[in-house]
Asks: 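Starting off with a structure, shown below.
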Amino acid sequence: MADEQEIMCKLESIKEIRNKTLQMEKIKTRLKAEFEALESEERHLKEYKQEMDLLLQEKMAHVEELRLIHADINVMENTIKQSENDLNKLLESTRRLHDEYKPLKEHVDALRMTLGLQRLPDLCEEEEKLSLEPACHVISKFTGMHLYALCAKPRVGPGIPKSQNGSRMNKERENT
């Protein structure tokens, strides 16, 4: 009987070992699956971080591109302002020269009349380049200043359309 009891104890131990081994195998299988999931998630996390780095680099490239565009806009604004200032200076200088020319021409015309000669033609009749009439249509966006013609007889004044359809510049002026 003692042998029988000993055999029964051993059988019980073997049964317990078997159950524990099966339980251990199940846990081992789950553990392998968890390790594989862990490794997979680590790979995904690494890929996500690489993608984030690429997106940040792209963002910085766009930020730099925007900065360069803003710098170009600032340069163009300054260039436009300088060009407008230069244009205004040239127009003022031209106006002063015209103011000097006008009395001198009137004096020369009076002298010519005393000698029976014809008057000299006006500037705008003489050469198209000497008339600033096209400058009448130039409007400064930044200063809002209307430039004027030096010609004594302007053919078309600012704001008057040249045709029934009107000029594009006049339409732009009305829209501003």
Side-chain angles (χ1 to χ4, degrees), residues 1-95 128-129 131-150 154-176:
M1 243 189 132
D3 283 341
E4 229 177 83
Q5 231 181 4
E6 195 179 313
I7 292 176
M8 285 303 277
C9 271
K10 284 184 180 181
L11 284 175
E12 282 295 318
S13 292
I14 291 173
K15 184 179 176 185
E16 187 178 347
I17 289 172
R18 182 176 173 262
N19 287 339
K20 295 291 180 184
T21 303
L22 287 173
Q23 188 179 2
M24 197 172 73
E25 286 298 320
K26 287 179 184 178
I27 291 174
K28 188 175 169 183
T29 303
R30 284 179 45 206
L31 194 57
K32 281 183 181 179
E34 289 292 322
F35 273 124
E36 288 174 4
L38 178 69
E39 288 175 347
S40 174
E41 197 58 40
E42 283 177 342
R43 282 192 307 273
H44 289 138
L45 182 60
K46 186 177 179 181
E47 289 173 7
Y48 299 152
K49 286 182 177 182
Q50 288 174 343
E51 185 65 25
M52 177 65 99
D53 288 342
L54 291 174
L55 288 171
L56 287 173
Q57 288 175 6
E58 187 177 354
K59 174 189 167 192
M60 293 311 293
H62 287 298
V63 166
E64 178 63 15
E65 190 175 347
L66 283 173
R67 188 191 68 73
L68 291 172
I69 290 171
H70 284 290
D72 290 346
I73 288 171
N74 289 336
V75 167
M76 286 308 299
E77 285 175 345
N78 289 335
T79 302
I80 288 169
K81 285 178 185 177
Q82 183 62 45
S83 180
E84 286 178 342
N85 288 338
D86 293 347
L87 179 65
N88 289 334
K89 286 176 186 175
L90 286 169
L91 282 170
E92 183 60 30
S93 171
T94 305
R95 187 192 58 77
E128 186 67 28
K129 284 185 179 181
S131 170
L132 288 184
E133 184 178 316
C136 291
H137 302 292
V138 176
I139 296 179
S140 166
K141 284 185 180 179
F142 294 105
T143 62
M145 173 187 257
H146 290 269
L147 305 177
Y148 51 87
L150 296 178
R155 290 179 290 279
V156 177
I160 300 170
K162 288 184 177 181
S163 69
Q164 290 176 343
N165 297 334
S167 72
R168 188 183 322 160
M169 187 61 91
N170 290 332
K171 288 179 185 176
E172 290 174 4
R173 186 177 307 128
E174 291 169 3
N175 292 335
T176 56

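Note that the coordinates shown come from a computational prediction; the quantities given were computed from them, not determined experimentally. All residue numbers refer to positions in the sequence shown, counting from 1.
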Asks: Quick one: side chain to side chain donor-acceptor pair (under 3.5 Å) partners of Arg43, sequence neighbours excluded?
Replies: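 Partners of Arg43 by the side chain to side chain donor-acceptor pair (under 3.5 Å) criterion come out as none, since no residue qualifies.
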Asks: Using 0.5 Å steps for rounding, measure from the NE2 atom of His70 to the CD atom of Glu77.
Replies: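 Output value for this atom pair is 10.5 Å.
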Asks: Please identify each residue that fulfils side chain to side chain contact (heavy atoms under 4.5 Å, CB included) with Ile14, with sequence neighbours left out.
Replies: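 Applying side chain to side chain contact (heavy atoms under 4.5 Å, CB included) to Ile14 gives none.
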Asks: With rounding to the nearest 0.5 angstrom, report the NZ to CE distance, Lys15 to Met8.
Replies: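 CE of Met8 is found 9.5 Å from NZ of Lys15.
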Asks: Would you please name every residue forming a side chain to side chain donor-acceptor pair (under 3.5 Å) with Gln23, sequence neighbours left out?
Replies: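 Listed in chain order: nothing, the list is empty.
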Asks: Give a yes or no on whether the backbone of Cys9 and the side-chain of Ser13 come within a donor-acceptor separation of less than 3.5 Å.
Replies: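 Yes, Ser13 side chain to Cys9 backbone: donor-acceptor pair under 3.5 Å.
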Asks: What residues form a salt bridge (charged side-chain N to carboxylate O under 4.0 Å, His left out) with Arg67, not counting sequence neighbours?
Replies: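 For Arg67, the residues satisfying salt bridge (charged side-chain N to carboxylate O under 4.0 Å, His left out) (neighbours in sequence not counted) are Glu64.
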Asks: In Å, rounded to the nearest 0.5 Å, how long is the span from CG of Leu68 to CD of Glu65?
Replies: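 It is 8.0 Å, given to the nearest 0.5 Å.
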Asks: Please check this pair: side chain of Thr29 against backbone of Glu25, looking for a donor-acceptor N/O pair closer than 3.5 Å.
Replies: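 A pair under 3.5 Å: yes.
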Asks: Asp53: what forms a side chain to side chain donor-acceptor pair (under 3.5 Å) with it, not counting sequence neighbours?
Replies: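 Here no residue qualifies.
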Asks: Do Arg95 and Glu92 meet the salt-bridge criterion of a basic N to acidic O distance under 4.0 Å?
Replies: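 A salt bridge is present here (some side-chain N lies under 4.0 Å from a carboxylate O).
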Asks: In Å and rounded to the nearest 0.5 Å, what is the CG to CE distance from Asn78 to Met76?
Replies: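 Rounded to the nearest 0.5 Å, the CG-CE separation comes out at 10.0 Å.
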Asks: Would you find a donor on one side and an acceptor on the other, under 3.5 Å apart, between the side chain of Ser40 and the backbone of Glu36?
Replies: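 Side chain of Ser40 to backbone of Glu36, a donor-acceptor pair under 3.5 Å: no, none is there.
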Asks: Only one of Glu58, Gln50, Gln57 forms a side chain to side chain contact (heavy atoms under 4.5 Å, CB included) with Leu54, so which one is it?
Replies: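 Between Leu54 and the candidates, side chain to side chain contact (heavy atoms under 4.5 Å, CB included) is satisfied uniquely by Gln57.
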Asks: Roughly how far, to the nearest 0.5 Å, is CD1 of Ile69 from NE2 of His62?
Replies: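 CD1 of Ile69 is found 10.5 Å from NE2 of His62.
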Asks: Out of curiosity, Ile27 CD1 to Glu34 CD, how far, rounded to the nearest 0.5 Å?
Replies: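 Separation between the atoms: 12.0 Å.
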Asks: Just to verify, what does Lys10 make a salt bridge (charged side-chain N to carboxylate O under 4.0 Å, His left out) with, not counting sequence neighbours?
Replies: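 Counting only residues at least two positions away or on another chain, Lys10 forms a salt bridge (charged side-chain N to carboxylate O under 4.0 Å, His left out) with Glu6.
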